[in-house]
Structure formats: structure tokens, C-alpha cells
Trainee: 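Following this message is one structure expressed as C-alpha cells.
Indexing begins at 1, ligand by ligand and atom by atom, following the structure's order. On a predicted model such as this, the values are computed, not experimentally measured, just so you know.
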Amino acid sequence: MSSQRPSVPDATGHFGQFGGMFVPETLMAPLLELAEEYERARVDPEFQREFEDLLANYCGRPTPLYFAERWSEKMGGAKVYLKREDLLHTGAHKINNALGQALMARRLGKKRIIAETGAGQHGVATATVCARFGLDCTVYMGQVDMDRQASNVKRMHLLGAKVVPVTAGQATLKEAVSEALRDWTATVETTHYILGSALGSHPFPMMVRDFHRVIGVEARGQILAAEGRLPNLLVACVGGGSNAIGLFHPFLEDEEVRMVGVEAGGEGIVPERHAARFQGGKLGVLQGTKTWLLANEDGQIELTHSVSAGLDYAAIGPEHAYLKELGRVEYTYATDDEALAGFKELSETEGLIPALESSHAIAYVSKVAPNLPARDVIIANLSGRGDKDVDQACRFLLGE
Ligand SMILES: *Cc1c(COP(=O)(O)O)cnc(C)c1O
């Protein structure tokens with residue numbers, strides 16, 4: 001397989017027919033500048049050394065690969081390991097990317113940072129690295145998300161970032177991205193846009209993937225040490241797709257390893273009530289990239305819904321569209337109710353309160369693990385911790 005798969009993306013950011021650079025003329029120059037500088041950075045040992053040093057000593061890598069023994073026994077099937085990205089500084093995988101891009105901003109001599117955020121985790125990660133590097137930070141966030149993720153708004157304020165509410169449209173992540181792109185168009189000379197997932201125009205899907213590959217590289221070494229072999233199945237939730245591609249990518253050449261990405265099924269696969277792009281979605285272009293997205297017959301982007309703000313977006317990262325087309329990765333969904341049940345199960349069985357996003361991966365594991373043989377090994381990415389979701393989960397699960 002390795003000899004047949006072309007190295008992706010190509011020089012213009014295409015993963016097969018997906019990806020690319022669908023942006024206004026004014027953004028072509030900074031994107032090409034970023035792509036060129038990144039090509040230098042990725043082969044610069046000093047850049048990689050500093051990145052790895054900060055991942056270790058500032059962020060807390062490597063994260064453990066934890067055998068969820070009690071949960072596995074209770075399910076009575078496969079052995080389940082959790083990759084503990086929830087233990088990373090700021091509480092989710094997002095800091096891997098924010099840190100890498102802060103180093104890129106410094107290389108580019110840009111002292112002002114903008115970012116979009118949905119659940120607020122990427123905003124917090126970006127505000128954190130901006131404080132660390134003395135960069136001016138502005139985060140765009142939908143008003144609806146600001147209301148449901150108030151504690152993350154407070155964290156960003158405490159870190160010295162400016163949070164700009166976005167009230168247009170559905171007032172969630174898609175509108176926040178549009179505002180960030182509008183800002184960038186006017187400020188490209190001074191500003192770097194730290195995009196938060198493996199999405200958008202080239203080079204973001206590739207660069208963000210590379211900054212998160214450490215998840216899969218570590219997991220691979222850790223499972224070989226623990227079990228003496230590769231896992232049968234990898235599972236991760238998929239919003240834009242950064243935590244999933246970070247886990248999956250270092251295993252893509254290992255044909256015996258199955259991989260499943262879990263999208264947000266919301267209230268079920270009914271238009272406007274979910275965010276599962278591979279269920280009822282179509283090929284289109286949104287915010288810089290050609291990929292699968294949720295749109296109506298006229299090509300208008302549809303409303304989306306998920307209990308987890310971090311999975312509530314109309315488009316999926318282009319490399320996932322490519323891996324689905326190749327048949328290398330399978331994609332499914334978990335509903336809000338299934339994710340909440342997964343949240344409860346992991347909290348009560350293992351003492352780990354997962355992010356509602358990660359709970360979608362947990363829900364899928366609880367569906368399939370009981371039917372797999374005891375010799376099978378699953379690695380699920382626990383992409384973040386649920387501190388930010390405590391109020392929402394109490395409301396839904398305990399009626400509090
Ligand atoms: C943002 C977020 C996600 C979704 O983003 P991806 O780019 O798909 O990884 C998943 N889990 C957590 C904890 C998040 O904060």
C-alpha cells in the first residue's frame with residue numbers, strides 16, 4: 001500500500017480531489033508565505049528540537065497510554081486503551097497545534113495572532129501560547145458558544161486575550177471562522193491566523209496534522225511496549241479532524257490496523273439536527289477547502305447541531321474526505337444521547353470525566369468492544385477532559 005499511496009498533500013495542498021486553496025486573492029500571499037516557511041521549518045532540526053522541548057516541558061508530553069481495565073472488563077470484550085490527551089496543558093490535544101503555530105508566527109516575524117474557537121479549547125490554547133511568546137491575541141467566538149462555554153471565555157480573558165463575540169448567522173464556529181478570515185484579509189502584514197483544526201486552505205490541513213502526529217507516534221511506541229503488537233482498532237472523534245488525523249496518520253501504512261472516525265450525530269441524521277458530514281453531506285467548498293460538507297440542494301451551508309461545540313461544524317478536514325474515499329478509514333457517528341451515555345460511563349467506571357467531544361469516541365467503543373474477542377486491542381483518543389462541560393452534563397444527566 002505504501003508504494004501506491006502518493007504522498008499527500010501535493011504542492012498545492014490537494015489530497016486527491018480534496019483540499020486546495022480556495023481563498024480571496026489577498027490571502028494567497030500570506031498562505032504561500034506560510035507554506036514556504038513551513039517547508040523550511042519542518043526540516044529544520046532547531047525548530048523541531050524547540051517544538052519537542054516545549055511539548056515535553058511546557059505541555060506535559062508524552063501523554064500516557066492508559067489501559068482502561070475496569071471499563072474493558074465491564075464490557076467483556078476487547079482491551080481498551082485510552083490515549084490521555086486530556087492530561088495535556090490546557091486540557092485537550094489543541095495545544096500541540098497552537099504551540100507549533102506560535103513558533104511559526106515567530107519565524108514569520110508576526111506579533112499579532114488571531115484565532116477562531118468553538119468550544120473555547122482552541123481559543124484557550126491559543127491565548128496560552130500567545131502569553132508564553134508575548135504575542136498579541138484576538139479570538140473570535142460565536143455568541144452562542146460564548147454563552148455555553150463561559151468558563152473558557154474567562155480563561156482567555158485571564159490569559160490576556162481579547163475575545164470578540166460573533167453574532168452573525170448561527171453565531172457558532174462557522175461564523176467565527178468567517179470573522180477571523182475577514183480580520184486576516186485586512187491585517188496580513190502583521191498577523192498570523194492560528195487555525196484550530198486540520199481544515200481550511202493549504203497549508204493548514206497538512207501543518208496542523210503534522211503538529212498533532214505526535215499523538216499517534218507516541219501511541220504506536222506505547223502499545224508496542226505494553227502489548228508487543230499493534231492495535232486492531234483506533235477510534236477518535238472528528239470535528240475538523242485534527243485529533244483523529246494526529247492519532248491515525250502514523251498508523252496509515254499498517255494495513256492490519258482498522259480506524260474509525262466518529263462524527264457528531266446530534267439528535268439523529270435529520271437536516272440541521274446533526275454535524276455528521278459523511279451522513280447526508282456532499283462535496284463542496286467551505287472556508288478555503290474542497291471537502292465533504294452539509295449543504296442544501298442550492299449549495300447553501302446547512303445549520304448544524306451537536307451537544308459538543310467542538311464537533312459542531314459543517315465541513316470535515318480534506319484529508320479525512322480523502323481517507324474515506326480510499327476506504328482506509330471508516331466513519332460513523334454517535335448521537336448526543338449516546339455521547340452523554342459514554343460521558344457518564346467513563347466518569348463512573350474509570351474516574352475520568354471526558355470532554356463531550358471525546359465522549360463520541362467513547363460511545364462508539366462501548367458499542368463495538370463487547371462484540372470483539374478478548375485478544376483484540378482498541379486505542380481510543382481521549383482528546384480532552386470534561387471540566388468545560390460539567391454544567392451542561394449536569395443539566396442533561398442529573399437534571400441539575
Ligand atoms: C476541538 C476538540 C475536538 C474536535 O476537533 P478536532 O479538530 O476534530 O480534533 C475534539 N475533542 C476535543 C477535546 C476538542 O477540544
Side-chain angles (χ1 to χ4, degrees), residues 63 82-98 101 115-126 128 139 141 145 148-149 151-152 155 172-173 176-177 194-200 204-205 207-209 211-216 234-249 261-264 275-278 289 291-292 304 306-321 323 329 331 333-334 339 342-343 346 352-364 380-389 392-393:
T63 60
L82 300 171
K83 182 60 175 159
R84 298 289 310 277
E85 295 296 293
D86 61 315
L87 288 176
L88 216 51
H89 182 40
T90 72
H93 67 290
K94 294 225 165 65
I95 192 102
N96 299 324
N97 169 48
Q101 289 203 48
E116 84 297 338
T117 198
Q121 289 300 107
H122 176 59
V124 168
T126 301
T128 298
V139 178
M141 188 170 188
D145 290 334
R148 59 180 167 177
Q149 301 289 349
S151 70
N152 273 341
R155 289 165 82 192
T172 59
L173 182 57
V177 174
I194 300 191
L195 201 147
S197 189
L199 264 174
F204 285 109
M207 185 175 69
V208 175
R209 172 197 74 196
F211 290 146
H212 283 301
R213 279 186 91 254
V214 64
I215 302 171
L234 302 176
V235 181
C237 67
V238 188
S242 69
N243 88 88
I245 201 71
L247 176 66
F248 295 168
H249 201 265
V262 186
E263 296 183 276
R277 289 66 44 108
F278 289 137
T289 193
T291 187
W292 279 73
T304 52
S306 169
V307 69
S308 60
L311 302 184
D312 197 352
Y313 184 70
I316 192 165
E319 190 160 12
H320 288 287
L323 291 169
V329 179
Y331 295 85
Y333 63 92
F343 180 101
L346 198 69
L352 300 172
I353 298 181
L356 282 171
E357 290 81 6
S358 323
S359 300
H360 287 71
I362 300 302
Y364 177 74
N381 204 11
L382 191 51
S383 53
R385 55 184 181 240
D387 301 25
K388 68 187 175 56
D389 300 315
Q392 223 184 344

Trainee: Can you find a non-hydrogen atom of H93 under 4.0 Å from ligand 1?
Mentor: yes
Trainee: Considering only protein heavy atoms, which is closest to atom 12 (C) of ligand 1, and at what distance to one decimal place?
Mentor: S383 OG, 3.5 Å
Trainee: Between K388 and ligand 1, is there a nitrogen or oxygen pair with a distance under 3.5 Å?
Mentor: no
Trainee: Pick one of side chain, backbone, both or neither for how S242 approaches ligand 1, counting any non-hydrogen atom pair under 4.0 Å.
Mentor: both
Trainee: Which of the numbered atoms in ligand 1 are below 4.0 angstrom from a heavy atom of G239?
Mentor: 8 (O)
Trainee: Any heavy atom of C237 closer to ligand 1 than 4.0 angstrom?
Mentor: yes
Trainee: Can you tell whether the side chains of R155 and D387 come within less than 4.0 Å, N to carboxylate O?
Mentor: no
Trainee: With distance as the sole criterion, is a donor-acceptor pair present between the side chains of E85 and S383 under 3.5 Å?
Mentor: no
Trainee: For A363, check side-chain contact (heavy atoms from CB on, under 4.5 Å) against everything at least two apart and list the hits.
Mentor: A334, E338
Trainee: Among all protein heavy atoms, pick the one closest to atom 4 (C) of ligand 1 and tell me residue, atom and distance.
Mentor: G310 O, 3.4 Å
Trainee: Under 4.0 Å from ligand 1, counting heavy atoms only, is it the side chain of K94, its backbone, both or neither?
Mentor: side chain
Trainee: Would you check whether A119 reaches within less than 4.0 Å of ligand 1, judged by its heavy atoms?
Mentor: no
Trainee: If the condition is side-chain hydrogen bond (donor to acceptor under 3.5 Å, both in side chains), which residues does T126 pass it with, not counting sequence neighbours?
Mentor: H122
